[in-house]
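Let me begin by presenting the structure, written as structure tokens, before commenting on it.
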Amino acid sequence: MDTDDAGYRPMGIAMGPDGSLYISESEHGKIWRVMYKGDKKNFGKDQLRSMEDRKKLPHIKTPDEIKDDLTPLRAEAGSVLYNKYCGACHMANGKGDGSRFPPIAGSEWVKGDQKRLIDVVLSGLSGPIEVNGKTYDGVMPPVDYLEDEEIAQILTYIRKEFGDNSPPVGSYYVKEGRYYARKKKEALKGGM
């Protein structure tokens, strides 16, 4: 029921030159290869018809692009988390307080590269930054104590609500961002 409980999360699919299907997953980096092991020489119309009939079973369906899109559920969960962890500074409407805390609504920080946005959340941000043409000089502490999925939900919510419906953020990108943020932190410590 909860994606955090999943042992594996199939995410991508590709077809190899021999017709095999390759399915990747985002939790452990596993790739499955699916290939036909039956008698290829005797595969004909009857076998194909049987496969087509199997597709009509009630538990097998082609996903509906609208009804099966889980982004709204992720954004809804992100709304609750945003208001809990981010809303006090950036306000419920994402417009900031106009002086100390910058707006995120309509911001190039939200609409732009999701890797940069993930890094801001995981590493924090300090010093003067420009947001929507105005300079802000403050500190945003890292929010790296949240789980990858929670961060993905928050960022999906703000990109949907405050980023002109920008694409969602997957937890696998947050996981990757966490790795690079840790490496950057280690490099800074080693340089001091």
Side-chain angles (χ1 to χ4, degrees), residues 2-4 6 8-14 22-31 63 65-66 68-96 101-136 138-188:
D2 187 344
T3 56
D4 288 340
Y8 298 95
R9 294 184 68 197
M11 299 301 285
I13 188 166
Y22 292 87
I23 303 168
S24 64
E25 67 84 34
S26 65
E27 289 298 311
H28 305 284
K30 190 173 194 75
I31 297 176
E65 286 187 35
I66 309 272
D68 294 329
D69 181 8
L70 300 178
T71 304
L73 296 176
R74 172 175 269 171
E76 188 176 307
S79 169
V80 173
L81 292 167
Y82 170 82
N83 285 311
K84 182 175 182 178
Y85 296 106
C86 314
C89 296
H90 297 291
M91 304 297 133
N93 62 6
K95 294 184 179 178
F101 304 113
I104 57 175
S107 157
E108 64 274 14
W109 291 84
V110 172
K111 293 189 278 188
D113 182 14
Q114 73 174 358
K115 289 180 182 180
R116 179 174 74 163
L117 184 59
I118 291 167
D119 187 54
V120 167
V121 171
L122 292 172
S123 303
L125 191 62
S126 64
I129 62 165
E130 188 173 304
V131 180
N132 298 342
K134 184 176 177 184
T135 301
Y136 293 85
V139 175
M140 178 184 149
V143 193
D144 56 352
Y145 51 85
L146 294 176
E147 299 290 327
D148 295 345
E149 182 61 27
E150 292 173 316
I151 292 171
Q153 289 172 350
I154 291 170
L155 297 182
T156 294
Y157 168 72
I158 66 172
R159 284 169 66 89
K160 181 178 183 304
E161 292 298 314
F162 308 136
D164 300 330
N165 209 17
S166 297
V169 174
S171 60
Y172 43 94
Y173 291 117
V174 178
K175 186 176 191 173
E176 179 184 65
R178 193 180 295 276
Y179 170 80
Y180 289 115
R182 187 174 64 245
K183 289 292 183 189
K184 185 169 68 173
K185 196 177 197 179
E186 289 169 1
L188 287 173

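Since we're looking at a predicted model, the values are computed, not measured. We're numbering straight along the sequence, starting at 1.
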Nearest heavy-atom neighbours spanning Y173 and Q114: CD1-NE2, 3.2 Å

Other residues, nucleotides, ligands: >12 heavy atoms within 6.0 Å of Y22 OH: yes

Heavy-atom pair with the smallest gap, counting every atom of E147 and E150: N-OE1, 2.8 Å

Minimal non-hydrogen separation, K111 against S166, with atom names: CA-OG, 3.7 Å

E176 side, atom CD; D148 side, atom CG - distance, nearest 0.5 Å: 11.0 Å

Gap between atom CE of M140 and atom CD1 of I129 - 0.5 Å precision: 9.5 Å

Point-to-point distance, once rounded to the nearest 0.5 Å, from CD1 of I23 to CE of M11: 13.0 Å

Centroid-centroid under 6.0 Å between F101 and Y136 rings: no

Expected output: side-chain H90 to main-chain P102 donor-acceptor under 3.5 Å: yes

Smallest separation among heavy atoms of N132 and S107, with atom names: OD1-CA, 3.4 Å

Closest non-hydrogen atom pair, C86 against I154: SG-CG2, 4.1 Å

Pairwise side-chain contact, I151 with R178, heavy-atom cut-off 4.5 Å (strictly under): yes

What pairs of donor and acceptor atoms, side-chain ones from residues 116-127 against any protein atom, are under 3.5 angstrom apart with sequence neighbours left out?
residue, atom, partner, partner atom, Å
R116, NH2, E108, O, 3.2
D119, OD1, S123, OG, 2.9
D119, OD1, K184, NZ, 3.2
D119, OD2, K184, NZ, 2.8
S123, OG, D119, O, 3.3

Atom pair OH (Y172) and CD (E149), whose distance is rounded to the nearest 0.5 Å: 10.0 Å

Nearest atoms (heavy-atom pairs only) where V110 meets R159: O-NH1, 2.9 Å

T156 side-chain N/O to V169 backbone N/O, donor-acceptor pair under 3.5 Å: yes

Mutual orientation of the aromatic rings belonging to Y82 and Y157 [parallel < 30°, tilted 30-60°, perpendicular > 60°]: tilted

